[in-house]
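Chain naming here is simple, since letters A, B, ... match the order of the sequence lines and numbering starts at 1 in each.
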Amino acid sequence: MRHPSAADTSRRKPSRIALVDANSFYVSCERVFDPSLAGVPTVVLSNNDGCVVARSNEAKALGIPMGEPWFKLAARAKEWGLVQRSSNYELYGDLSARFMELLGRHTNALEVYSVDEAFLGLNGEPEELVTEGQQIRRTVLRNTGLPVCVGIAPTKTLAKFANRIAKQNPAMNGVCNLDTMPPAHVDHIMSRVPVTGIWGIAGRLGKRLNSMGIFTIADLKASDPVVMRKKFSVLMQRTILELNGIPCIEIELEREDKKQMIFSRSFSTPVTTIAEMHQVLSIYAQSAAARLAKGEQLAKVMNVFAGTSHFHQSASSFPSVTVKLPAPTADPVILTKAAVGALDGVLMEGVPYARAGVILTDLSPAGYQPQFDEFVSVHEHRNIGDLLGKVKGKYGTASIGLGRAGMLAPPDWTMSRKHSSPRYTTEWAELPVVKAS
DNA sequence: ACGAACTAG
DNA sequence: TTTTCTAGTTCGT
C-alpha cells in the first residue's frame, strides 16, 4: 500500500515540504459522525462550554470570532441556525491518529506538528507533487472523512504560506504548490498579506516590524536577514531566509521529550472551600502523575496554582507556589501530597476560585531499574497504601483514588459538557449505528 | 534565575 | 451569571 514516492524520500533529503492541515479540524470531526452538520454554521466550544475554539466556514462567515464566549452567541444562535458542540477530545485525538497514520504512508519524513497538521518531506516535479497532494486529500477524506488542504514549497515557512493560499482559494481544490505559480503572482499575494500572516509573527513582533516600515510578507521577505538578526533574533533571520526559499528549519522526525507537563482546568462552578480545593488538587496531581508515567518521565519541580475569575475584580487572587520534590518522581502519592501541601496556608476560605493547575518541570527520562524491580515495586506498593490511607483520612475518601477508584460521584465543579457528541471511536457503548433503508 | 508576557494551534 | 488548554520561547528584572 506504500505510495511510490515513499521510496524517493528514503535516499536523500527531501527537496520539498508539504504542510497538510485539516480544515476546521474539530468541526470536521463532528461532521464525520453527524452528516446533518454539513453546510450548517457550527462551532465547537471549549471545556465547560465556555467559548468558541473551532468554527466552520459558515460560522466564520457569520462573523463569529475565535474565542467568542458562547453566552454572547446563544441569543442569536436560533435565528442564525448556528449549532454548537462541546469539545470531544477523545474523538479528535483518535481521528488525528488515523489521519497521521495515513500521511505516514506518503513519506518517510513526517513531522506531526499538532493535532491537525503535519509536515511531510516530498520529492518530485512540481506537477507530480500537486498530483500527490490531491492523492493525500482523497486518501484522508475517504479513510477518515476529514477535509484537508495541502501547501507545498521548498521551506516550512513557505509551505505554511502555500497552505493558507490553498485554504483561501477554493478554485485550487485544496492544493497549492508554490513552485507551480508564477513568481510575480506569489510576490503579488505576499505584498497584500499583513506580516502577521506568516508563521511565527504575531502581534508584538508585528508592531515592531510595522514601526520599521515592514507591513507585508513581501516587505519582510525583502529585508536584510543579517540586519534583522541583529535587531530581533536568529529566529527572525531564519524566517526571512525561509521566505526566500532557503531552508533553515528542519523537519523534526522524533518528538523530543517534553520539558514541562501542565494539568490545568477551569471549574464549572467556583470552588470556595479549602477542603474542596484539596480534593481538586489531589485529582489534578494524580492526572499529572498518570501523564508523566505514560511519557516515562520523572519530575523534580512542581508548581501549583489557583486563580479566581479575571472577570470579577473583587477578591481576585492568583496564588502560585513552586516546590522542589525530594527526588525525581512520577509517584502519584508523592505528587498528590506535594500538590496539596504546596498551597497549604496560601488558599483562603471563601474565595471563589475559578481554576487550578499543576505544572511539573525539570523532567527527566524514567530509565530502567531492572535489577531490584520486584523489591522496588513491593516497597512502593506498601508506601502507596500507607500514604493513601493518610490522605484519605485527612481529606475524605473521595480526595484521592488511583484510577477512578476513589471517586464515588463527580463533584459539582467538574467540567461540564452539555452538548457533547458520543465517543464514537473509543467507547464500545458509543459506537455509531448505521441503518440501511 | 525567575516570573510575566507572548506565540501557536 | 456566563470567558480553553498545553507547550514552548522571549523578555524584563
Requested in this report: Establish, yes or no, whether the cationic atom of A:R265 lies under 6.0 Å from the six-membered ring centre of A:F263 and within 45° of the ring axis.
Outcome: yes
Please tabulate the protein-to-nucleotide N/O contacts below 3.5 Å involving nucleotides 3-6 of chain B, giving atom names and distances.
unit_1 : atom_1 : unit_2 : atom_2 : d
B:dC6  : O3'    : A:R204 : NE     : 3.2

Side chain to side chain donor-acceptor pair (under 3.5 Å) filter on A:S114, not counting sequence neighbours, yields A:D116
- [ ] Would you indicate what A:I201 reaches in the nucleic acid, counting non-hydrogen atoms under 4.0 angstrom: base, sugar-phosphate, or nothing?
- [x] sugar-phosphate
note: A:L45, atom CG; C:dT4, atom C1'; distance rounded to Å ~ 11 Å
| message | What contact category does A:Y113 fall into here, base, sugar-phosphate, or nothing, at under 4.0 angstrom with non-hydrogen atoms? | response | sugar-phosphate
- Give a yes or no on whether the backbone of A:G206 and the side-chain of A:T196 come within a donor-acceptor separation of less than 3.5 Å. no
Any base atoms under 4.0 Å from A:E117, or only sugar-phosphate, or nothing? Heavy atoms, all strands. sugar-phosphate
Atom CG of A:N23 and atom P of B:dG9 are separated, to the nearest Å, by 15 Å
By nearest-nucleotide position on DNA chain C, the 5'-leaning member of A:G67 and A:M261 is A:G67
field: Electrostatic pair A:E111:A:K156 at N-O distance under 4.0 angstrom
entry: yes
Check your understanding: Can A:D21 and A:K160 be counted as an ion pair, charged N to O under 4.0 angstrom?
Key -> no
Rounded to the nearest 0.5 angstrom, the CZ-OG1 distance for A:R355 and A:T308 is 10.5 Å
On DNA chain C, more 5' by nearest nucleotide between A:F232 and A:P69 is A:P69
From CE of A:M66 across to P of B:dA8 the rounded distance in Å is 13 Å
Separation of B:dG9 atom P from A:N163 atom CG, nearest Å, is 10 Å
Check your understanding: Within less than 4.0 Å of OP1 or OP2 of C:dG8, is there a side-chain N or O belonging to A:K259?
Key -> no
To the nearest angstrom, the CG-P distance between A:N88 and C:dT4 comes to 19 Å
From CZ of A:F119 across to P of B:dA8 the rounded distance in Å is 12 Å
A:M236 CE to C:dT10 C1', in whole Å, measures 12 Å
Sticking with atom P, work out how far C:dT3 lies from B:dA8, rounded to a whole angstrom.
-> 26 Å
Notebook entry, point to check: Is any side-chain N or O of A:K160 closer than 4.0 Å to OP1 or OP2 of B:dG9?
Noted result: yes
Testing B:dG9, C:dC5, C:dT4 for proximity to the side chain of A:D116, the answer is B:dG9
Verify the contact: side-chain N or O of A:R265 to OP1 or OP2 of C:dT6, cut-off strictly under 4.0 Å; return yes or no.
yes
Phosphate contact (C:dT4 OP1 or OP2) by A:S266 side-chain N/O below 4.0 Å
yes
Between OH of A:Y26 and P of C:dT6 the distance, given in whole Å, is 11 Å
Ranking C:dC5, C:dT6, C:dG8 by distance to the side chain of A:I262, first place goes to C:dT6
Check: A:N123/A:S15 side-chain N/O donor and acceptor closer than 3.5 Å:
yes
Side-chain H-bond candidate by donor/acceptor type, A:S266 with A:N48, under 3.5 Å
no
| said: Side-chain N or O of A:S114 versus OP1/OP2 of B:dA8: is the shortest distance under 4.0 Å? | reply: no
With sugar-phosphate meaning primed atoms plus P, OP1 and OP2, does A:W199 contact a base, only sugar-phosphate, or nothing at under 4.0 Å between heavy atoms? sugar-phosphate
Mind checking A:K72 for me? I need base, sugar-phosphate or nothing, with any heavy atom below 4.0 Å counting as a touch. nothing
The nucleotide from C:dT6, B:dA8, C:dC5 with an atom nearest the side chain of A:R291 is C:dT6
Separation between CG (A:L243) and CG (A:D219), nearest 0.5 Å, reads 11.5 Å
Winner on side-chain proximity to A:Q260, out of C:dT6, C:dT4, C:dA7, is C:dA7
